[in-house]
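Here's the structure we're looking at; comments come further down.
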Amino acid sequence: VVNSGVNYYLSFAYGLKMDTMVACYILILPTLLLLIFPKILAGFVNALLRGYFLVILLIVVSMEIITVPFFAFYDARPNEMFINYLQYPKELISLIYKAYALETISIFVVSVLIIYFYLKKNESFTNGFKTHIFIRWLFFPIIALIVFIGIRSSFGHRGANLSSVTYSKSHLVNEISKNSL
């Protein structure tokens, strides 16, 4: 492991960069809803964000479970090939059922558990509405700028993308730094 030629610190830094970009993409909707909408819509915003974060959580966990067999088979994280196969649902379901039954069952069980515990925990997103709307509007440009910088992840003329984390001659090392989502 020591003589593997892999720069673990660089892989971690690039992975953190990609994860930050994804997290900031996810935070666009909550930022808009919590900072711009008036208090009268707090119930609607709370319900929308609870559903939004449940869907995001299910997608993230499912993608991480899917990544393991996809990586083992294709030596890559799920990519455009993965998305292209979604247009053929019959063939895809047949393949998944035959070849990846354990992963399919895992996703189903984990998803049911996530939904159960998420809905059981009655967390509210309305605490942000305790702050007066004018204060939230004042902070909106600052927070939106932070989210934008996190998404762009670069101050150069070109924003970060998948080629930004390519630093090794090894395809597998470069794939590790990426984010499946």
Side-chain angles (χ1 to χ4, degrees), residues 12-68 70 76-87 89 92 103 106-165 175-181:
F12 177 78
Y14 282 148
L16 185 61
K17 177 181 185 174
M18 298 305 284
D19 290 343
T20 300
M21 290 171 63
V22 169
C24 287
Y25 271 114
I26 291 170
L27 290 175
I28 291 172
L29 182 65
T31 299
L32 290 172
L33 294 176
L34 292 173
L35 294 176
I36 293 178
F37 280 54
K39 188 175 185 174
I40 196 165
L41 296 173
F44 168 74
V45 170
N46 186 54
L48 186 64
L49 287 179
R50 281 186 49 81
Y52 175 75
F53 280 116
L54 178 60
V55 169
I56 293 293
L57 186 60
L58 290 171
I59 291 171
V60 168
V61 170
S62 297
M63 286 302 296
E64 289 306 316
I65 293 172
I66 290 168
T67 297
V68 175
F70 196 90
R77 288 189 181 268
N79 51 23
E80 67 277 351
M81 183 184 347
F82 177 80
I83 301 299
N84 289 340
Y85 274 112
L86 294 177
Q87 14 181 357
L92 185 64
E103 289 83 0
S106 298
I107 290 172
F108 178 75
V109 169
V110 169
S111 295
V112 168
L113 289 172
I114 287 172
I115 292 169
Y116 173 76
F117 286 112
Y118 186 85
L119 294 177
K120 188 175 180 181
K121 180 105 174 139
N122 197 10
E123 200 64 38
S124 176
F125 292 98
T126 58
N127 287 339
F129 287 103
K130 292 179 182 175
T131 306
H132 197 274
I133 192 162
F134 294 118
I135 305 258
R136 289 188 280 134
W137 285 353
L138 284 174
F139 277 101
F140 175 73
I142 297 165
I143 295 172
L145 181 65
I146 291 169
V147 170
F148 175 76
I149 290 170
I151 291 169
R152 185 161 166 77
S153 195
S154 168
F155 290 109
H157 71 283
R158 200 173 70 173
N161 56 40
L162 291 179
S163 66
S164 305
V165 296
E175 285 293 312
I176 289 171
S177 299
K178 296 176 184 174
N179 184 306
S180 294
L181 192 59

Checklist entry - Side chains of I28 and I151: does their closest heavy-atom pair fall under 4.5 Å? => result yes

Checklist entry - Run the side chain to side chain contact (heavy atoms under 4.5 Å, CB included) check on L41 and F129 step by step: do they pass? => result CA-CA 9 Å; L41 296 173; F129 287 103; 5.8 Å; no

Checklist entry - Can L49 and L34 be said to form a side chain to side chain contact (heavy atoms under 4.5 Å, CB included), step by step? => result CA-CA 9 Å; L49 287 179; L34 292 173; 3.8 Å; yes

Checklist entry - Are I114 and L54 close enough, and set up right, to give a side chain to side chain contact (heavy atoms under 4.5 Å, CB included), and what steps lead you there? => result CA-CA 8 Å; I114 287 172; L54 178 60; 4.2 Å; yes

Checklist entry - Ignoring hydrogens and geometry, is there a side-chain-to-backbone donor-acceptor pair from R136 to F37 under 3.5 Å? => result yes

Next on the checklist: Parallel, tilted or perpendicular, judged at 30° and 60°: which one describes the rings of W137 and F134?
Outcome noted: perpendicular

Checklist entry - Is there a donor-acceptor pair closer than 3.5 Å between any side-chain N or O of Y118 and the backbone N or O of L57? => result no

Checklist entry - Hey, what do you get for CG (L32) to CG (L27), rounding to the nearest 0.5 Å? => result 11.0 Å

Item to check | Criterion side chain to side chain contact (heavy atoms under 4.5 Å, CB included) on F53 and I26, from CA distance to verdict | outcome: CA-CA 9 Å; F53 280 116; I26 291 170; 4.2 Å; yes

Checklist entry - Could you state the interatomic distance from CE (M21) to OG (S153), rounded to the nearest 0.5 Å? => result 5.5 Å

Checklist entry - Quick check: does any side chain N or O of Y52 sit under 3.5 Å from a backbone N or O of A47, one acting as donor and the other as acceptor? => result no

Item to check | Non-hydrogen side-chain atoms of K39 and T126 separated by less than 4.5 Å | outcome: no

Item to check | Backbone of F125 reached by a side-chain donor or acceptor of N46 within 3.5 Å | outcome: yes

